[in-house]
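Below is one structure; the comments refer to it alone.
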Amino acid sequence: MYRRFCLAGSLGFMKKDLLFCFALFQGIKHVSDKTKIQNKQAVANLQYFGQTGTTVGCPFPITWQSINDAFAAPGGSGATLGLIIAIFLVARKDKTQMSIAKLAFAPSLFNVNEPLLLGLPIVMNPVYAIPFIAAPVTGNIIGYLCTVVFKIIPPVTLDVGWTTPGFLIPFLGSGGRSVLSLLIGILCVVVSTLIYLPFVHAAAQINKKTNAEA
């Protein structure tokens, strides 16, 4: 029953994330704000951690923060830190993408990715439509498998702030004691990078062809 409840919650978050990224891809910016229910869940989880010193067994292990924020958004919506790393790896000769990636790298460490969304751009760019949605959904799946199915890391239920570097959130948000949580956070960045790689290469080829014709 518990796993079924968690699965339903996680699927709901993945659906929400899918719709959120799709809207953002079209340039529709959603202002995120915690609901009263989310605030109550966060307070209950924090009280539990204060009493027990662990997030294992907390009353609300599956929340938007514990799945999406922790595993699906390193670099901001669309897991775009992986996009920047992919550009550094396979598009160094593409001046268009490299110049934006260099400018966007520092903000993206703190999950601010507007320079990429509007500068690259990602918004209304068909080349990046698939990875911009697939990368965070994959991160959600990794988070669900690690925290609910296999239970190899503690639930990430502590609010550490949305500007905390994405790969650190699973570690800090679960109490800062599980090294495996840190590795899973890094894994999410690696996986998102791999998802973006072929699309970055395709974008670089398109830019090369466009510049040659100009």
Side-chain angles (χ1 to χ4, degrees), residues 6-25 29-46 48-49 55-56 58-84 107-114 116-117 131-149 152-178 180-193 195:
C6 290
L7 177 59
S10 296
L11 289 175
F13 294 138
M14 280 187 270
K15 180 179 178 181
K16 180 180 178 182
D17 194 39
L18 183 67
L19 294 173
F20 176 76
C21 288
F22 181 72
L24 194 57
F25 175 76
K29 178 69 173 179
H30 170 70
V31 179
S32 180
D33 190 22
K34 287 186 176 180
T35 65
K36 291 182 180 180
I37 294 177
Q38 288 175 319
N39 284 328
K40 288 181 180 180
Q41 290 174 341
V43 170
N45 286 335
L46 183 60
Y48 179 87
F49 179 77
T55 62
V56 177
C58 64
F60 300 102
I62 302 300
T63 64
W64 175 258
Q65 170 189 306
S66 69
I67 296 296
N68 182 78
D69 291 356
F71 302 99
S77 300
T80 50
L81 183 58
L83 170 57
I84 292 178
S108 288
L109 286 177
F110 304 99
N111 306 320
V112 178
N113 65 352
E114 277 75 10
L116 282 174
L117 294 174
F132 187 70
I133 294 174
V137 169
T138 304
N140 273 317
I141 293 172
I142 292 174
Y144 174 78
L145 291 175
C146 291
T147 58
V148 177
V149 177
I152 58 175
I153 61 174
V156 188
T157 58
L158 303 179
D159 188 351
V160 294
W162 69 271
T163 54
T164 300
F167 57 90
L168 291 178
I169 292 178
F171 175 67
L172 298 176
S174 60
R177 298 175 182 174
S178 171
L180 186 56
S181 295
L182 176 60
L183 296 178
I184 295 299
I186 295 173
L187 174 65
C188 288
V189 177
V190 172
V191 171
S192 66
T193 301
I195 291 173

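On a predicted model such as this, the values are computed, not experimentally measured, just so you know.
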Below 4.5 Å, heavy atoms only, C-beta onward: do S66 and T147 meet side chain to side chain?
no
Report the residues that fulfil side-chain contact (heavy atoms from CB on, under 4.5 Å) with L180, sequence neighbours left out, ordered by chain and then residue number.
I152, I153, S178, L183, I184
Measuring only between side-chain heavy atoms, which start at C-beta, is V156 closer than 4.5 Å to F71?
yes
Approximate separation, where rounding is to 0.5 Å, of L182 CG and L187 CG
11.5 Å
Please report the closest heavy-atom contact between A135 and S192, naming both atoms and the distance.
CB-CB, 4.1 Å
Backbone of P155 reached by a side-chain donor or acceptor of T55 within 3.5 Å:
yes
Atom pair CD1/OG1 of I84 and T193 - distance to nearest 0.5 Å
10.0 Å
Taking the side chain as every heavy atom from C-beta outward, state whether L117 and F132 have any atom pair closer than 4.5 Å.
yes
T80: what forms a side-chain hydrogen bond (donor to acceptor under 3.5 Å, both in side chains) with it, not counting sequence neighbours?
N113
Separation between CG (L83) and CG (L116), nearest 0.5 Å, reads 5.5 Å
Supply the atom-to-atom distance C188 SG to I141 CD1, rounded to the nearest 0.5 angstrom.
11.0 Å
F167 to I186 - nearest heavy-atom pair and separation:
CB-N, 4.1 Å
For R177 and F171 the tightest heavy-atom approach is N-CE1, 3.9 Å
Exercise: identify the closest heavy-atom pair between F110 and W162:
O-CZ3, 4.0 Å
Could you pull out all residues at least two apart from T138 that satisfy side-chain hydrogen bond (donor to acceptor under 3.5 Å, both in side chains)?
none
Closest heavy-atom pair, S181 versus S174, reported as atoms and distance to 0.1 Å, is OG-OG, 3.6 Å
Quick one: does V160's side chain get under 4.5 Å of I169's, heavy atoms only?
yes
Roughly how far apart are L172 CG and D159 CG, rounded to 0.5 Å?
11.5 Å
Heavy-atom closest pair, residues V148 and I62
CG2-CD1, 3.2 Å
Return yes if some donor-acceptor pair links the side-chain N/O of N45 with the main-chain N/O of C58 below 3.5 Å, else return no.
no
Does the Q65 side chain pair with the main chain of A70, one donor and one acceptor, at a distance under 3.5 Å?
no
